[in-house]
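Just below is one structure, and these are the notes that go with it.
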Amino acid sequence: MSDDPRRDLVGLGRTALAEEMAGFGAEPFRARQLWHWIYHRGATDFAGMSNLAKGFRELLAQRYTLGRPTVTSALASTDGTRKWLLRFLDGQEVETVHIPEEDRGTLCVSSQVGCTLNCSFCHTGTQRLVRNLGAPEIVAQIMVARDALGEWPSPANGADGGRQLTNIVLMGMGEPLYNYDNVAAALKIVMDPEGLAVSRRKITLSTAGVVPMMARVGAELGVNLAVSLHAVNDELRDQLVPLNRKYPIGELLDACRAYPGSSNARRITFEYVMLKGVNDSPAEARELVRLLRGIPAKVNLIPFNPWPGAPHECSSAAAITAFSDTLFDAGYSAPVRTPRGRDILAACGQLKSESVRARRTNPAPVPPAVGRISAA
Ligand code: SF4
């Protein structure tokens, strides 16, 4: 815990920042100026805010901070992928991963410390849920990445060509739809065109299939949707993604059919991890084609990324190619995702931090994290 009594302004939404400034006795335009400095310029201290009077900057610094979580570890893969382990004020930690590609750069953001869902192919699923991240902690992951990539100020008018951070996927640790309010508040800050300015078209929220929340994502946030499918029958999906027992495939696909804003130009992504001898047969590829009928869909085939103690193996290259060909032949885009950052356990499904939930009777100190994350 921090013993700094000052309030951190980073992570406050527009309304909260305006209210905070009103309570501080500042005029309304001050909140707008601060918004610009915090989210457009990435300011980490008040002293450099050149259009604010010196005395006002000093008063702000007495009452507030412009914080960042501590970067406990920063790893770089041989393929350019970077992974940051971030520690928040209460000592809990999550991982955030940046994946550079030729024409874009994607930041994989976490929404929870640990996860409740125990998907059998996912390293995060072996870490019990410690807690939800607050909106400021979700926003902070983007702030830290922009700091590390040297990409302040934020792009103006969404013109992000040539930048290293252009896209965001909520596919890190946790199920974002089990922390919807904080995720939504964070994304509203992230999408604000006068702030971090990441367009909703460049943000993808990935869910294991929390059916009752899916329509809200489309209607309220309008971001792209990805669904962790991984199996074509309920019996197998019950094992791979235990949430399926609550929301089986039929209900999940109905929610996808009804997803607001999906179209052939904005397709829903179905994630399908390739597990040797488990879900990778030609018959399963054909069944997937049948299931997706009527949904504007694309399929991401993810070669399984191993982690210590994992109960699965990756499908053979031949099985993955054959699976992909069946989907392509049926008219679906079905690229095989190139594993990224495997050497630093930053690839899909490998994230995990060493945060644990403190016991109530014996609030043990949080163990030092030497962590690695796992991703949805
Ligand atoms: S795949 Fe996603 S939802 Fe499933 S255990 Fe991993 S982090 Fe949780």
Side-chain angles (χ1 to χ4, degrees), residues 11 69 71-75 77 81-88 92-100 105-119 121-146 148-149 165-180 182-184 186-187 190 196 198 202-208 210 217 221 223-228 241 269 271 273 300 302 305 307 337 339-342 344-355 369 371-376:
V71 180
T72 320
S73 116
L75 300 177
S77 161
T81 300
R82 296 169 73 170
K83 182 170 86 166
W84 298 284
L85 178 67
L86 305 182
R87 179 180 290 170
F88 299 110
Q92 303 296 359
E93 299 185 307
V94 297
E95 291 186 305
T96 306
V97 175
H98 177 256
I99 306 130
T106 302
L107 191 71
C108 181
V109 168
S110 294
S111 56
Q112 296 181 309
V113 184
C115 189
T116 44
L117 291 185
N118 304 112
C119 301
F121 51 85
C122 173
H123 201 193
T124 308
T126 66
Q127 180 185 3
R128 288 183 61 191
L129 178 73
V130 178
R131 66 169 173 82
N132 285 334
L133 293 184
E137 295 168 326
I138 297 168
V139 172
Q141 297 173 63
I142 293 119
M143 309 289 282
V144 165
R146 280 234 168 109
L149 297 168
L165 198 173
T166 58
N167 293 55
I168 290 173
V169 292
L170 277 140
M171 285 185 195
M173 299 167 62
E175 165 53 59
L177 298 190
Y178 275 175
N179 185 18
Y180 180 78
N182 287 319
V183 165
L187 288 183
V190 170
L196 289 163
V198 181
K202 300 204 171 178
I203 297 175
T204 301
L205 184 149
S206 176
T207 179
V210 185
V217 175
L221 303 174
V223 298
N224 303 310
L225 184 70
V227 172
S228 294
V241 185
T269 302
E271 311 280 356
V273 63
N300 259 349
I302 308 166
N305 294 305
W307 36 270
R337 194 189 283 175
R340 299 295 302 269
R342 269 185 174 175
I344 54 168
L345 283 181
C348 193
Q350 289 186 314
L351 303 188
K352 180 175 182 180
S353 75
E354 302 202 352
S355 289
R372 49 186 64 122
I373 323 177
S374 68

Step by step, work out the side-chain contact (heavy atoms from CB on, under 4.5 Å) result for Thr207 and Tyr180.
CA-CA 11 Å; Thr207 179; Tyr180 180 78; over 6 Å; no

Run the side-chain contact (heavy atoms from CB on, under 4.5 Å) test on Val223 and Val217 for me, step by step, so that the C-alpha distance in whole Å, both residues' side-chain angles and the decisive distance to 0.1 Å come before the verdict.
CA-CA 7 Å; Val223 298; Val217 175; 3.8 Å; yes

Could you walk me through whether Val71 and Leu86 pass the side-chain contact (heavy atoms from CB on, under 4.5 Å) check?
CA-CA 5 Å; Val71 180; Leu86 305 182; 3.8 Å; yes

Val190 and Val109: side-chain contact (heavy atoms from CB on, under 4.5 Å), yes or no, with the steps?
CA-CA 12 Å; Val190 170; Val109 168; over 6 Å; no

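Atoms CH2 and OG1, on Trp84 and Thr72 in that order, are 13.5 Å from each other to the nearest 0.5 Å. A distance of 7.5 Å separates CD1 of Ile99 from CG of Leu107, quoted to the nearest 0.5 Å. Atoms CD1 and CG, from Ile138 and Leu133 in turn, are 5.5 Å apart once rounded to the nearest 0.5 Å. Of the inter-residue distances, the one linking Arg340 atom CZ with His98 atom NE2 reads 9.5 Å to the nearest 0.5 angstrom. Residue Asn224 holds its CG atom at 9.0 Å from CG of Asn167, rounded to the nearest 0.5 Å. Note that CG of Leu129 and CG of Asn118 are 10.5 Å apart. Values are rounded to the nearest 0.5 Å.
Contact record, Ala208 with Leu117: CB-CD1, 3.9 Å, taken as the closest heavy-atom pair. Leu165 and Ala145 make their closest contact through CD1-CB, 3.7 Å (heavy atoms, listed as atom of the first residue, atom of the second, distance). Leu345 approaches Lys83 most closely through the heavy-atom pair O-NZ, 3.0 Å. Between Val241 and Ser228, the shortest heavy-atom contact is CG2-O, 4.4 Å. In plain terms, the two heavy atoms of Asn179 and Ser111 that are nearest each other are ND2-O, 2.9 Å. The minimum heavy-atom distance between Glu175 and Cys115, with the atom names listed, is N-SG, 3.9 Å.
Two residues are said to be in side-chain contact when any heavy atoms from C-beta on lie closer than 4.5 Å; Leu187 and Leu170 meet this criterion. Counting only heavy atoms from C-beta outward, the side chains of Val169 and Ser206 never approach each other to under 4.5 Å.
Distance alone, capped at 3.5 Å, places no donor-acceptor pair between the Arg131 side chain and the Gln92 backbone. Checked by atom type and distance alone, the side chain of Arg82 never pairs as donor or acceptor with a backbone atom of Pro100 at under 3.5 Å. A side-chain donor-acceptor contact under 3.5 Å links Gln141 to the backbone of Ser110. In this structure, Asn132 contributes its side chain and Gln112 its backbone to no donor-acceptor pair below 3.5 Å. Judged purely by atom type and a 3.5 angstrom limit, Asn305 has no side-chain atom pairing as donor or acceptor with the backbone of Arg342.
Below 30°, between 30° and 60°, or above 60°: for His123 and Trp307 the angle between ring planes is below 30°, a parallel geometry.
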